[in-house]
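In what follows, a structure is listed as structure tokens, so that the remarks can point back to it.
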Amino acid sequence: MSVFEYVLAGVLAVIAGPAAFDILGIGVPITVLMVFGGFVIGIVGGATPGLAGPFLMAVSLPILLSIFGFTPDALLPVLGFLVGVMKGATVGGAVPAILFNTPGTPDAMLTTFDGYPLAKKGQAGKALRTAHFASVSGDTFSDLVLFTCAPFLAIVVEAYLGFGEKAALILLSLAFVAAVIGASPMKGMIAAFLGLFIAAIGTGEDSYSRLSFGTEALASGVPLITAVLGVLILGEVLYAFEQMWRDRRSDEVTETQQEGDQRLTWKERRKLFPFIGVSAVVGTGIGALPGIGSTLAATLGYATGERMHKGPVPFGRGTPEGVAATEAANSSVSGANLIPVLSLGIPGNVGAVFLILAAESIGGFNPGPSVFRFSTSEINPELIIAFGLFTTMMLANIMNWIIGGRIMAVVGIMARVPKQVLLPIVLLLTLTAIYVQEMNFNAFYFAFAFAILGYLMRKLRIPTLPFVIAFILAGNLEQAFRQAFAVAGGDPFFLFKSPLSLFFLLLSVAVIIFFSRPKKPAANKAIEAERDA
Amino acid sequence: MLGRSTEIWIAVIFLILGVVAAALWVPFDSETPPIYTFRRQTYIGDAMLPMVAGAGIAICAATHLILSLLRRRDDKDAPFDRLTGLFFLVFLGIVAASFMLMFWSGPAALALFGPTGDEPVTYRQMRSTAPWKYVGFVIGGFVMVFGITSLIEGKFSARRALTSILAVAVLILIFDVPFDTILLPPNGDF
């Protein structure tokens, strides 16, 4: 198959795939329907403080797996839904920030700087339209960069890196993620090694399941989805419970009468273009690096926009340019975040973690450099899935352009749902989702054990993402080590043989040392919050 | 960063954990050592990954300990206090009660109010039959959601009770009604 035929096959797998039902004799493809469903749920969830894209993806995944099963046919509908959620939540997050000054996530805090003042001036509709326009523009740009860069990077990695270099590259990525997230690289590294250690329980190649104490409960290993949901989602829920219990107050939301022309004219859109363009480039560049969150992108986008701005209303006092600069930057992170996933097989953020989990659970698609083998003699089904995934992303963008703004306008009501009511429901929902996957009450105990681990990590400011990424990558890392060792003929210095792997290892050490320097106080609360998270 | 003494405690605990894991747990609970030779071929054994991970935890914890000791003394608050213990005591009590009720309510309800006859009906036979299949999930789920909401708000209210019932009903609609193959908790265990 030629490159064009692979692309076409990917597109057709989505738009001409199995139909969910017929309308006037025309079948509605299940994948398109799932992207739409995920997108709508994503906006609603993103607009609900306390919920966010990762929460929704985490809870949806076990349900989707139960519905679609573990056949390759399930890949595109499941991935499409998750992509829809990811994109919907990105735009939805701006709604409570603008309408009620309630940032659901640290990056949305920057949207409140100008969005809420605009709403207070009676210009909430304009602010929402600006946020939508900037967000979807940045997201689309980022996706286009992903589509063009990921295959090339993957081909380079596959062509030039051997087993040893790939093992060293995984180590570099882990070191990078551990170093840039949180206040202390050493705590990030401890989290990453802990993830590797726990992933080793009950696995391995020998007949005896290592580190299982000979017990049946540990012999089959730690359930992947349960552990990830426990640490990432339930740990956060427990943490939030305690905080709310301590605060014991529910924030009252106030509304301002909206007045004047709420439309965003073409002239106004044109004025926003430079801000959106610069922020999209900043966000895409930041997003391509694993582990760096959208908060840094939003902050840099906002700061750059502030320098460019020469309008009558300064940044921070309610200017649409401020909303556009922030939203374009944080939205353009989401597509670029998938570059390390698809080209290296390394998830760089929580959203990507769930895409990898879905792919690993279903099977038949292993995100990484081997996906982009453009073999002409035989069909590479993984490549078709990869182009199918790109198609779902583009579909979600098209939906976002067409109806995203309208949905945003009606989901403001979600900000009124009290967190203390919502989060216990999220707890039960997550536990139920885990149960339908595992069909065993023991899964609850596992989930709670990991929830407590996640809670403790948050309280002790040990970042959870390096733990989760290491936990997911442990199998690949061990495999790469074993293969490299075998190829080197049992040479214990196999990792230091090639100049490239030596370079990756030295770079890992340099990254850790660089980020271990004493940090200056962060420029804003959002960055400080993410650093401390 | 947390206070200096807390960071020192974190480092010491992980240092001990890392050393114990790498030096005791891994060697005694793995079939093959980190590197072994079999039929004149040298292989990486099952102990390699966890031993590297354990040693990594210990080394990073030791470095963190040194960096923390070099830090200036400060008086930041400790991450845990008496309130944390109190909260978790009540919270875990609610969760334990909800788990217990979720697991046993269905079989108990069937035993008390189920059909009677010569052949005793087991819960396993009825685990996919309404209303028995919902009893445990509804009671356990309600206790969990309502209990935690009330704990956080510090009061019981009829409105929250209604919300909790509605939430459980919505979850049944999501997970159970559309699918024949999915079993609500705890029905898969019977």
Side-chain angles (χ1 to χ4, degrees), chain A residues 63 66-67 183-184 186-187 189-190 192-194 196-197 199-201 204-208 210-214 238 241-242 244-246 248 250 420-421 423-425 427-429 431-433 435-436 438-441 444 448 459-462 474 477-478 481-482 485-486 489-490 492 516 532, chain B residues 1-2 6 10 14 18 21 25-26 29-32 35 41-50 52-54 56-57 60-61 63-64 67 79-80 83-84 87 91 95 99 103 137 141 144-145 148-149 151-154 160 163-164 167-168 171 174-175 179 181-186 188-189:
Chain A
I63 304 173
S66 302
I67 297 170
S184 157
M186 279 307 134
K187 283 160 88 174
M189 289 299 291
I190 290 172
F193 281 121
L194 190 64
L196 290 178
F197 189 86
I201 294 173
E205 291 188 346
D206 299 334
S207 53
Y208 174 76
R210 66 186 167 194
L211 313 180
S212 64
F213 293 116
L238 294 196
F241 281 163
E242 195 204 345
M244 286 189 291
W245 183 71
R246 282 171 185 273
R248 261 207 193 153
S250 55
Q420 69 271 23
V421 175
L423 286 187
I425 298 171
L427 174 68
L428 182 61
L429 175 63
L431 288 174
T432 312
Y435 188 87
V436 298
E438 300 285 333
M439 285 293 175
N440 192 329
F441 221 72
F444 280 6
F448 252 88
K459 286 293 272 191
L460 299 174
R461 309 268 165 85
I462 299 172
L477 182 67
E478 188 174 28
F481 264 84
R482 286 183 196 268
F485 188 74
S516 294
D532 264 357
Chain B
M1 293 280 268
L2 298 162
T6 311
I10 293 170
F14 276 106
W25 186 4
V26 178
D29 206 11
S30 306
E31 197 174 313
T32 46
I35 292 175
Q41 286 272 0
T42 310
Y43 298 96
I44 284 183
D46 265 8
M48 177 61 101
L49 178 69
V52 168
I57 292 172
C60 292
T63 314
H64 189 61
L67 292 174
F80 305 107
L83 282 178
T84 312
F87 170 78
F91 173 77
V95 171
F99 279 2
F103 198 86
F137 186 71
M144 184 183 286
V145 176
I148 297 171
T149 310
L151 168 68
I152 294 168
E153 291 188 333
R160 296 295 184 237
T163 316
S164 306
V168 175
L171 291 187
I174 293 173
F175 287 100
F179 312 111
T181 51
I182 289 179
L183 289 173
L184 286 171
D189 285 76

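Chain letters run A, B, ... following the sequence lines, proteins first and then strands; every chain starts at 1. Computed from a predicted model, the values in this text were never measured in an experiment.
Applying the ring pair (Phe, Tyr, Trp, His ring centres under 6.0 Å) criterion to A/Phe481, with sequence neighbours excluded, gives A/Phe494. Residues that satisfy the ring pair (Phe, Tyr, Trp, His ring centres under 6.0 Å) test with B/Trp25, not counting sequence neighbours, are A/Phe197, A/Phe213.
The two atoms that bring A/Glu478 and B/Asp46 nearest to each other are OE2-O, 4.5 Å, heavy atoms only. A/Leu211 and B/Pro50 get closest at one heavy-atom pair: CD1-CB, 3.6 Å. Among all heavy-atom pairs drawn from B/Ala53 and A/Leu196, the shortest one is CB-CB, 3.9 Å.
Ranked by heavy-atom pairs under 4.5 Å with chain A, the list B/Phe14, B/Phe99, B/Phe137 is led by B/Phe99. The candidate with the highest count of non-hydrogen atom pairs below 4.5 Å against chain A, out of B/Val95, B/Ile35, B/Leu49, B/Val52, is B/Leu49.
For B/Tyr43, the part lying under 4.5 angstrom from a heavy atom of chain A is the backbone only. With a 4.5 angstrom heavy-atom cutoff, B/Ser164 does not touch chain A via any of its atoms. Heavy atoms closer than 4.5 Å to chain A are found in the side chain of B/Leu171, but not in its backbone. With a 4.5 Å cut-off on non-hydrogen atoms, B/Leu67 touches chain A through its side chain but not through its backbone. Interface residue B/Ile10: only side-chain heavy atoms are found under 4.5 Å from chain A.
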